Amino acid sequence: MQTSMYRNIGRNMIEMRNPLPGTCAFTGHRPFKFPWRYDETDSRCLALKAALTRQISALAEEGVTDFFSGMAEGTDCYCAQIVLGLRDKNPALRLHCVLPCREQADRWSAAARARYRSILGRADSVVYVSPVYYQGCMLARNRRLVESAAILLAVYNGELRGGTAATVRYAQRLGRRLIVLDPDGLFL
């Protein structure tokens with residue numbers, strides 16, 4: 001009998017149990033932090049996606065089957081799409097979307113919203129940290145991601161501030177296995 005990783009502890013509150021082996025969460029920068037910004041045809045973006053594909057494939061070969069994405073623009077969505085692409089060849093892979101609130105993508109471009117909805121429609125599960133936005137729901141989502149997984153795959157340039165930096169530090173504090181791809185280091 002497989003037990004749930006979640007335990008209800010009150011109205012709209014869920015506590016994470018220790019992460020199961022074979023689990024990986026993603027974190028990373030939004031498009032505006034990358035030199036190519038939103039141009040996914042840029043060779044540097046293609047190189048990052050190729051590096052992510054290699055890393056996620058290697059994790060799947062190690063036995064990781066459950067992947068968690070916070071579905072922010074950029075890294076999170078890139079990784080989610082990669083998992084879905086790999087799942088076509090390996091149906092054991094599962095994508096779990098952990099979202100901060102229902103309106104996360106409301107202000108994104110039409111193309112970004114379409115991608116987001118497409119990924120959510122193909123995900124194995126979708127969980128909302130909160131039904132509505134509140135200050136701190138993004139941080140709560142990031143913590144939930146780290147608490148859900150034994151491994152954190154981060155696209156992180158070493159900045160000391162921001163959501164990705166805080167998520168990496170939280171994973172370190174909890175003793176999670178950390179895999180960091182420095183987007184700047186891919187293009188030297």
Side-chain angles (χ1 to χ4, degrees), residues 1-7 14 16-31 34 40 45-100 102 104-105 108 111-129 138 140-156 163-164 167-168 170-171 174-183 186:
M1 179 176 115
Q2 186 174 15
T3 59
S4 173
M5 291 177 23
Y6 303 97
R7 178 173 69 93
I14 297 175
M16 299 300 300
R17 295 183 181 177
N18 290 332
L20 299 173
T23 56
C24 176
F26 306 119
T27 191
H29 299 301
R30 309 288 193 291
F34 294 125
E40 291 186 41
C45 184
L46 296 173
L48 174 61
K49 287 181 179 182
L52 286 167
T53 300
R54 286 190 301 275
Q55 188 61 64
I56 294 168
S57 294
L59 288 168
E61 288 174 17
E62 287 178 25
V64 174
T65 56
D66 289 270
F67 295 90
F68 295 84
S69 174
M71 291 300 293
E73 274 192 288
T75 300
D76 292 7
C77 286
Y78 300 163
C79 290
Q81 285 184 302
I82 291 165
V83 170
L84 291 173
L86 294 172
R87 187 178 71 182
D88 292 340
K89 298 175 189 113
N90 181 353
L93 301 184
R94 291 181 293 277
L95 175 66
H96 306 284
C97 297
V98 179
L99 310 178
R102 293 192 182 277
Q104 175 176 354
W108 296 2
R113 285 193 314 273
R115 169 191 281 177
Y116 180 84
R117 286 191 300 271
S118 173
I119 294 169
L120 293 183
R122 294 184 61 206
D124 294 284
S125 69
V126 176
V127 175
Y128 294 91
V129 170
M138 303 293 181
R141 182 261 328 265
N142 293 346
R143 287 177 174 257
R144 174 90 50 92
L145 287 166
V146 171
E147 293 163 357
S148 297
I151 302 166
L152 181 67
L153 173 57
V155 175
Y156 176 51
T164 300
T167 305
V168 166
Y170 189 58
L174 294 186
R176 300 300 193 251
R177 177 178 165 198
L178 185 59
I179 301 168
V180 177
L181 293 178
D182 179 351
L186 292 173

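Hydrogens, waters and symmetry mates are skipped; everything else that's a heavy atom, side chains included, is used. For this chain, numbers begin at 1 and follow the sequence in order. Just so you know, these numbers come straight off a predicted model, no measurement behind them.
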Do Leu145 and Thr167 have side-chain heavy atoms sitting under 4.5 Å apart? no
If you round to the nearest 0.5 Å, how far is CZ of Phe26 from CG of Leu153? 6.0 Å
If you take all heavy atoms of Ala149 and Phe68, which pair is closest and at what distance? CB-CD1, 4.4 Å
With sequence neighbours excluded, tell me which residues meet side chain to side chain donor-acceptor pair (under 3.5 Å) with Asp66. Arg94, His96
Can you list the steps and then say if Asn142 with Val146 is a side-chain contact (heavy atoms from CB on, under 4.5 Å)? CA-CA 6 Å; Asn142 293 346; Val146 171; 5.9 Å; no
Using a 4.5 Å cut-off on heavy atoms from C-beta on, say whether the side chain of Leu99 contacts that of Leu120. yes
Between the CD atom in Glu40 and the OH atom in Tyr78, the distance rounded to the nearest 0.5 Å is 4.0 Å
Across all chains, not counting sequence neighbours, the side chain to side chain donor-acceptor pair (under 3.5 Å) partners of Arg122 are Asp88
Is there a side-chain contact (heavy atoms from CB on, under 4.5 Å) between Thr23 and Ser148? Walk through the geometry before answering. CA-CA 7 Å; Thr23 56; Ser148 297; over 6 Å; no
Shortest non-hydrogen pair, Val129 vs Pro100, comes out as CB-O, 3.7 Å
List for me each residue that meets salt bridge (charged side-chain N to carboxylate O under 4.0 Å, His left out) alongside Glu62, sequence neighbours excluded, and say none if there are none. Arg177
Would you compute the distance between atom SG of Cys79 and atom NZ of Lys49 and round it to the nearest 0.5 angstrom? 10.5 Å
Looking only at side-chain N and O atoms, does Tyr170 offer a donor or acceptor that is under 3.5 Å from a partner on Glu147? yes
Contacts of type side chain to side chain donor-acceptor pair (under 3.5 Å), residue Tyr156, not counting sequence neighbours: none
Side chain of Ser69, backbone of Asp76: donor and acceptor closer than 3.5 Å? yes
Please name all residues satisfying side chain to side chain donor-acceptor pair (under 3.5 Å) with Asp124, sequence neighbours left out, ordered by chain then number. Arg87
Please test Arg144 against Val127 for side-chain contact (heavy atoms from CB on, under 4.5 Å), starting from the C-alpha separation and ending with a verdict. CA-CA 10 Å; Arg144 174 90 50 92; Val127 175; 3.6 Å; yes
Enter the distance from Leu86:CG to Leu95:CG here, rounded to the nearest 0.5 Å. 11.0 Å
Indicate yes or no for a side-chain donor-acceptor contact from Arg113 to the backbone of Trp108 under 3.5 Å, with no hydrogens or angles considered. yes
Qualifying residues under side chain to side chain contact (heavy atoms under 4.5 Å, CB included), relative to Gln81, sequence neighbours excluded: Arg115, Ile119
Residues Glu73 and Ala112: closest non-hydrogen pair is OE2-CB, 3.3 Å
Between Leu59 and Ile179, does a side-chain contact (heavy atoms from CB on, under 4.5 Å) hold up when you go through it step by step? CA-CA 10 Å; Leu59 288 168; Ile179 301 168; 3.8 Å; yes
Give, for atom CG of Leu93 and atom SG of Cys24, the distance between the pair rounded to the nearest 0.5 Å. 11.5 Å
Minimum heavy-atom distance between His29 and Pro183, given as atom pair plus value: CD2-CG, 4.3 Å
Is Thr75 reaching over with its side chain to a backbone N or O of Thr27, donor-acceptor style, under 3.5 angstrom? no
